[in-house]
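Heads up, the thing below is written out as structure tokens.
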Amino acid sequence: MTTIHLGLDDTDSDDGMCTTYLTTLIIENLINEGIRLIDYPNLIRLNPNIPWRTRGNAALCIRVEANNPKKVFQIAKKIMIENSESRNNKANSGLVMLCKNKVPVDIVKFAEKCINKEIKMEEMRKLVKNKDIEYFGQGTKRGLIGALASIGNTLENDHTYELIAYRKNGNGERGVSLQSVIKIDKEKKYSLFSNIDYNSHRVLITPHGKDPILFALRGNNPEHLYKAMSELKLYEDVERFAIFRSNQGTNQHLNDKLDVSSLRTYDSGHIIGKMVGKPVVIKGGHVFIKIKNRKKIINCAVYAPTISLKNLARNLKAGDEIELGGGISRKSKKFGRILNVEYIKIIKLTDRSIKKNPLCKKCNKSMKSIGKNKGYRCIKCGSKSNKIRKIESNNEIENKLYLPVLSAQRHLIKPVDRYGKEQRNKKKLKGNWFKIFE
Ligand code: ATP
């Protein structure tokens, strides 16, 4: 038996398809051939800052054991050709097959880079010229980058699960009862996350585009996802569902410290620095702040849809020490390179107290100054004091982590609910993880 890793990416467009669905078509065919998966299919989110993505920059990997790699490749290639949006010249699909028990270090390193940097086609081309690799690309073949990266990211560290259910023949709005989503979310029986954004009254488990997804539940435990699905009330038929193991909700793209002396376009990561000057609010409610790190000043943008994050950014003050997670944009004439902020962690706030004249203990009235360095006197009863009052005014900012409202969070961002629930133990593929309905 050979261990086979099949990576695929870039099969969809705004007009249809979804690489996760295409993956389930391949899984269906492999299972029909008696081929066994050795892990949940992996749904790997790659650097969310690169501009070529259709939606959430997802790539997929299926890991199987089989005797006939050629056959596995043929099945996957045929399904890609017949279903990918490359048929309509709207995608640049890539399929990579690695036949090796352990993923080689250079492919693991490539995957690590793909999560927080831009990868050039040349880097991918060098790696796929490997005796253990077979590959197939369509259009510009850019999809081979994500396909290879999905093989290299074996999710050894923190990971989550996503159950995706696909529609039988639905069109437009998804037939999922809002009340049932609210019930599951509020009961908190299952370790799910990012179901609803109560702030913007948005259900986050149902997409809005032309893709075949009916709903997608994210959580820490595959069995919980299955149970939660059975409690959802649906007004349309499910054609199939699959549970994926994923790096979503883990902050994997922000773990590395950004090197301020050599920031590059599309880098993702985090920076620690001190606020310089005042926040500037521009048209549309976006907030611009500057932070200083190792004598370098970095412009940072906190966008209006992040709501809670933007509200915090408006109240930051020069001297506040903060950690910012996010991605570097392309250089613009007006702002240069900007860090587009995905989270703000307050490390140390500067003194925000306001000095006031003392209050008279008897009359509870503010005292008047008698003269420079001479203290204060109550004009009503004549009592004296020289104790200045300090009124705390920190706009209720605390030394903690701040995230955007749920609907403005990227797939990879770790939601507040997941802190302390990180998991490294891979769950064995078992139970109800894949089904096609009649
Ligand atoms: P969906 O999430 O709906 O599947 P998508 O958002 O993943 O779509 P794709 O259509 O797959 O978007 O396009 C992303 C493209 O960017 C792919 O061709 C992928 O290979 C490539 N890519 C991904 N990460 C990087 C990176 N770090 N550097 C360069 N190219 C990348």
Side-chain angles (χ1 to χ4, degrees), residues 47-53 55-57 116 118 197-202 204 208 251 253-254 258-350 352 354 393-413 416:
N47 190 350
N49 282 305
I50 57 117
W52 302 285
R53 67 202 162 84
R55 285 179 280 265
N57 203 7
N116 57 17
E118 180 194 347
D197 182 355
Y198 294 102
N199 225 296
S200 59
H201 308 286
R202 274 184 59 192
L204 305 176
H208 304 280
N251 267 3
H253 65 313
L254 302 177
L258 286 168
D259 181 357
V260 288
S261 56
S262 61
L263 288 179
R264 292 182 344 168
T265 306
Y266 310 138
D267 278 1
S268 297
H270 67 270
I271 302 180
I272 294 176
K274 272 197 176 158
M275 272 284 294
V276 180
K278 284 184 182 167
V280 176
V281 183
I282 64 161
K283 208 172 154 209
H286 312 303
V287 183
F288 278 77
I289 55 177
K290 285 183 175 41
I291 59 159
K292 196 172 186 180
N293 171 304
R294 288 205 262 140
K295 296 188 183 151
K296 290 241 173 205
I297 293 196
I298 302 126
N299 281 317
C300 310
V302 188
Y303 294 104
T306 62
I307 305 177
S308 43
L309 207 58
K310 161 209 79 170
N311 291 341
L312 166 77
R314 290 170 75 128
N315 289 309
L316 291 172
K317 254 184 102 177
D320 286 343
E321 202 179 330
I322 54 181
E323 178 182 309
L324 300 169
I328 303 293
S329 72
R330 284 170 75 161
K331 245 186 196 161
S332 79
K333 272 201 185 125
K334 207 166 167 190
F335 300 104
R337 271 194 231 282
I338 294 173
L339 178 83
N340 292 326
V341 180
E342 290 181 51
Y343 75 74
I344 300 177
K345 196 164 151 190
I346 307 287
I347 298 172
K348 198 168 172 224
L349 292 171
T350 47
R352 281 164 156 72
I354 304 166
S393 156
N394 67 353
N395 301 98
E396 291 173 4
I397 303 176
E398 294 169 54
N399 284 13
K400 65 168 198 178
L401 173 76
Y402 287 84
L403 293 179
V405 290
L406 276 178
S407 54
Q409 289 179 16
R410 286 187 145 158
H411 291 96
L412 272 165
I413 230 22
V416 169

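All values reported here derive from a predicted model rather than from experimental measurement.
- Of all non-hydrogen atoms in Pro279 and Arg314, the two that sit nearest each other are CG-O, 3.6 Å.
- Summarising the geometry of Lys292 relative to Val276, their closest heavy-atom pair is CB-CG2, 3.6 Å, with the distance given to 0.1 Å.
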* To do: Before giving the answer on side chain to side chain contact (heavy atoms under 4.5 Å, CB included), spell out for Ser407 and Asn199 the whole-Å C-alpha distance, their side-chain angles and the decisive distance to 0.1 Å.
  => CA-CA 9 Å; Ser407 54; Asn199 225 296; over 6 Å; no
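- We find the CD-CD1 distance between Glu323 and Ile344 to be 11.0 Å, quoted to the nearest 0.5 Å.
- In this structure, CD1 on Ile338 lies 12.5 Å from CG on Leu263, to the nearest 0.5 angstrom.
- When all heavy atoms of Asn399 and Ile347 are compared, the closest pair comes out as ND2-O, 3.3 Å.
- Here the NE2-CG distance, from His253 to Asn57, works out to 11.0 Å after rounding to the nearest 0.5 Å.
- With values rounded to the nearest 0.5 angstrom, Leu339 atom CG is found 6.0 Å from Leu324 atom CG.
- Across Ala313 and Ile289, no two heavy atoms sit closer than the pair O-CG2, 4.1 Å.
- Put simply, the side chain of Asp267 does not reach to within 4.5 Å of the side chain of Asn49, judged on heavy atoms.
- Under a 3.5 Å cut-off, the side chain of Asp320 and the backbone N or O of Thr350 do form a donor-acceptor pair.
- Side-chain contact check for Leu309 versus Pro404: some heavy-atom pair is nearer than 4.5 Å.
- Taking all atoms of both residues into account, the shortest heavy-atom contact from Arg294 to Val260 is CB-CG2, 4.3 Å.
- Between the CZ atom in Arg264 and the CG atom in Leu258 there is a gap of 11.0 Å [rounded to 0.5 Å].
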* To do: May I have the step-by-step check of side chain to side chain contact (heavy atoms under 4.5 Å, CB included) for Ile346 and Leu312, ending in yes or no?
  => CA-CA 10 Å; Ile346 307 287; Leu312 166 77; 4.2 Å; yes
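- Using a 4.5 Å cut-off on side-chain heavy atoms (C-beta onward), Ser200 and Val405 make no contact.
- Here the side chains of Asn251 and Ile413 are in contact, with some heavy-atom distance below 4.5 Å.
- Using a 3.5 Å distance cut-off with no hydrogens or angles, the side chains of Tyr343 and Gln409 do not pair a donor with an acceptor.
- With contacts defined as side-chain heavy-atom distances shorter than 4.5 Å, the pair Asn293/Ile298 qualifies.
- Proximity of a side-chain donor or acceptor of Ser268 to a complementary backbone N or O of Asn47 within less than 3.5 Å is not detected.
- In this structure, Leu254 and Gly326 approach most closely via the heavy-atom pair CD2-N, 3.5 Å.
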* side chain to side chain contact (heavy atoms under 4.5 Å, CB included) evaluation trace for Leu316 with Val287 -> CA-CA 11 Å; Leu316 291 172; Val287 183; over 6 Å; no
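- A distance of 7.0 Å separates CD1 of Ile322 from SG of Cys300, quoted to the nearest 0.5 Å.
- Taking 4.5 Å as the limit, every side-chain heavy atom of Leu349 sits out of range of all side-chain heavy atoms of Met275.
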* Stepwise side chain to side chain contact (heavy atoms under 4.5 Å, CB included) check, Lys345 with His270 -> CA-CA 10 Å; Lys345 196 164 151 190; His270 67 270; over 6 Å; no
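- Pairs engaging residues 276-318 under the ring-ring contact (aromatic ring centres under 6.0 Å, His included) rule: His286-Tyr303, Phe288-Phe335 [sequence neighbours left out].
- Although no hydrogens or angles enter the test, the distance criterion places no donor-acceptor pair under 3.5 Å between the side chain of Arg330 and the main chain of Thr265.
- Residues Arg202 and Leu204 are in side-chain contact: their nearest non-hydrogen atoms beyond the backbone lie under 4.5 Å apart.
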* To do: Using the salt bridge (Lys or Arg N to Asp or Glu O under 4.0 Å) rule, take Lys296 and Asp259 through it: C-alpha gap first, then chi angles, then the decisive distance, then the call.
  => CA-CA 11 Å; Lys296 290 241 173 205; Asp259 181 357; over 6 Å; no
